[in-house]
Amino acid sequence: MSTYRDLTHRGSARATVLRTVGTRERRSHLTAPRVPTVGIDIGGTKVMAGVVDADGNILETLRTETPDKSKSPKVVEDTIVELVLDLSDRHDVHAVGIGAAGWVDADRNRVLFAPHLSWRNEPLRDRISGRLAVPVLVDNDANTAAWAEWRFGAARGEDHLVMITLGTGIGGAILEDGQVKRGKFGVAGEFGHMQVVPGGHRCPCGNRGCWEQYSSGNALVREARELAAADSPVAYGIIERVKGNVPDITGPLITELAREGDAMCVELLQDIGQWLGVGIANLAAALDPSCFVIGGGVSAADDLLIGPARDAFRRHLTGRGYRPEARIARAQLGPEAGMVGAADLARLVARRFRRANRRRVERYERYERYAEARRSNDRTTQGTQ
């Protein structure tokens, strides 16, 4: 006697269906449902959550400080869940995307390592999805930012894109032909931890001389605080602004003073920009993209940072004068790019989730019809006996 499984699951037909689904998922950004989703961007200093529609418009955002990295991973997970539940009170949320500042495995489930957080091989997707009633996607925050800029921002129409995110550290992402290149183990694009100065400044990742120690928000603030702590004459402007309290010196304050013409702050941003240009030239030699997009909080300095970066890029580019130069653009979506990209990528999970639910319902209905037919047949057989 044939069972329900025998009747509904034939090997070759099932394989054909799976191949067809796989093909559709590769084009999923074109066919994803136009439903609101939540994007979460987790950095070294802040957690930002927002509801984003299918056109990349932010409907509402919430922000909070990142829990201290010495605390358990559950503290950060609690923060994420609280933000999502808060937003869900006012919006019909269909999926959650998380952009994490760390290395995410190829399955986009575990955060293998986060230099600025306490995650070590943390199954973030499973833990969060187990506490929420919607599907969850986890990716590196630079990957999500690159996706957002390609879909809605400065990289629309580009086939080969490299994203550089300047925040607490440096994140990076590679996107080619509409696909984020994550590498074999999921950790491609960690440009911030390329060694540029052997034996240089110690990095939270454990090595010395990483690129992000010379071109990032941390590097900018470190240099300004060192000058202020040494009571350098060039730092008198910023010392006066913080009333002598050196720990109050922040990246946004340095940018503000640079815009006002403070010579030291302008010079510090130029230094950060020059190191940025050197790194971009190295990446151009290795990857040859058509466009570099500079995002993250430090990119708010705009031409005070990106101008020196372009100059250094041209000076250090291999084969300069004999090859096309990649375009260097500031991210259009600003510090919200990672959040918007995470939300948009989550729409792909929402589509698969909705399809899986539909298939589950269809299987259940077929089974009910099959079971009813068997019961009817049994009643008929018993009646003839």
Side-chain angles (χ1 to χ4, degrees), residues 101 140-143 145-150 153-176 180-181 183 187-198 200-201 203 205 209-220 223 251 255 267-335 337-338:
N140 172 265
D141 59 346
N143 289 343
W147 181 268
E149 292 294 338
W150 177 70
R156 280 175 292 184
E158 296 287 353
D159 292 330
H160 295 80
L161 159 71
V162 170
M163 181 86 183
I164 307 293
T165 59
L166 301 179
T168 306
I170 293 181
I174 308 163
L175 197 147
E176 294 182 3
V180 177
K181 300 299 181 181
V187 297
E190 288 295 334
F191 310 133
H193 298 286
M194 299 185 303
Q195 188 184 57
V196 296
V197 179
H201 292 295
C203 180
C205 77
C210 292
W211 186 26
E212 70 173 42
Q213 290 304 305
Y214 300 88
S215 184
S216 67
N218 272 355
L220 180 66
E223 296 297 313
T255 299
E267 183 177 340
L268 289 178
L269 283 169
Q270 287 176 340
D271 289 345
I272 297 296
Q274 287 170 5
W275 276 111
L276 176 61
V278 170
I280 290 175
N282 290 337
L283 292 173
L287 302 174
D288 192 29
S290 61
C291 177
F292 288 94
V293 176
I294 312 302
V298 182
S299 69
D302 207 358
D303 276 345
L304 289 168
L305 173 82
I306 296 179
R310 289 192 180 108
D311 292 341
F313 171 69
R314 295 188 184 103
R315 288 197 307 272
H316 293 89
L317 180 63
T318 301
R320 51 194 174 276
Y322 298 95
R323 59 176 289 175
E325 289 186 8
R327 181 169 66 95
I328 299 177
R330 182 190 172 194
Q332 291 181 0
L333 303 181

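Computed from a predicted model, the values in this text were never measured in an experiment. As a basis for the values below, the full set of heavy atoms in this structure was taken, side chains included, without hydrogen atoms, waters or symmetry mates. Numbers here are sequence positions counted from 1.
Judged as a ring-ring contact (aromatic ring centres under 6.0 Å, His included), the pairs with a partner in residues 269-322 (not counting sequence neighbours) are, in order, Tyr214-Trp275. The salt bridge (Lys or Arg N to Asp or Glu O under 4.0 Å) contacts involving residues 160-170 comprise nothing, where partners must be two or more places apart or lie in separate chains. Within the structure, salt bridge (Lys or Arg N to Asp or Glu O under 4.0 Å) pairs that include any residue of residues 153-169 comprise Glu158-Arg327 (at least two apart or interchain). The ring-ring contact (aromatic ring centres under 6.0 Å, His included) analysis of residues 154-174, with sequence neighbours excluded, yields no pairs. Listed by first and then second residue, the side-chain hydrogen bond (donor to acceptor under 3.5 Å, both in side chains) pairs involving residues 295-308 amount to none (not counting sequence neighbours).
Taking all atoms of both residues into account, the shortest heavy-atom contact from Ala154 to Ala331 is CB-CA, 4.4 Å. Minimum interatomic distance between Gly277 and Ala312 (heavy atoms only, all atoms of both residues): CA-CB, 3.9 Å. Of all non-hydrogen atoms in Ser215 and Leu166, the two that sit nearest each other are O-CD2, 3.5 Å. Across all their heavy atoms, Ala148 and Ala337 have their closest contact at CB-O, 3.2 Å. Minimum heavy-atom separation, Ile272 to Ala219: CD1-CB, 3.9 Å. What you find for Leu268 and Glu223 is that their closest heavy atoms are CD2-CB, 3.7 Å.
Rounding to the nearest 0.5 angstrom, the gap separating the CD atom in Glu212 from the OG1 atom in Thr165 is 9.5 Å. Between the CG atom in Leu175 and the CH2 atom in Trp150 there is a gap of 6.0 Å [rounded to 0.5 Å]. In this structure, CD1 on Ile306 lies 11.0 Å from CG on Leu269, to the nearest 0.5 angstrom. To the nearest 0.5 Å, atom CG of residue Leu276 and atom CD1 of residue Ile164 are 7.0 Å apart. The CG atom of Leu305 sits 8.5 Å away from the OG1 atom of Thr255 when rounded to the nearest 0.5 Å. Atom CD1 of residue Ile294 and atom CD of residue Glu149 lie 10.5 Å apart, to the nearest 0.5 angstrom.
With sequence neighbours excluded, the residues satisfying salt bridge (charged side-chain N to carboxylate O under 4.0 Å, His left out) with Glu325 are Arg314. With sequence neighbours excluded, the residues forming a side-chain contact (heavy atoms from CB on, under 4.5 Å) with Asn282 are Val278, listed by chain and number. Applying the side chain to side chain donor-acceptor pair (under 3.5 Å) criterion to Arg315, with sequence neighbours excluded, gives no partner residue. The side-chain contact (heavy atoms from CB on, under 4.5 Å) check on Pro335 picks up nothing, with sequence neighbours excluded. Listed by chain and residue number, nothing satisfies the side chain to side chain donor-acceptor pair (under 3.5 Å) test with Asp311 (two or more places apart in sequence, or in another chain). Partners of Arg320 according to the salt bridge (charged side-chain N to carboxylate O under 4.0 Å, His left out) rule, which considers only residues two or more places apart in sequence or in another chain, do not exist here.
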Leu317 vs Arg323, test: side chain to side chain contact (heavy atoms under 4.5 Å, CB included). Steps then yes/no. CA-CA 9 Å; Leu317 180 63; Arg323 59 176 289 175; 3.9 Å; yes
Donor-acceptor pairs under 3.5 Å, side chain of residues 187-198 to any protein atom, not counting sequence neighbours: which ones?
residue	atom	partner	partner atom	Å
Glu190	OE1	Trp103	NE1	3.2
Glu190	OE2	Trp103	NE1	3.2
Glu190	OE2	Asn140	ND2	3.4
Gln195	NE2	Arg208	O	3.3

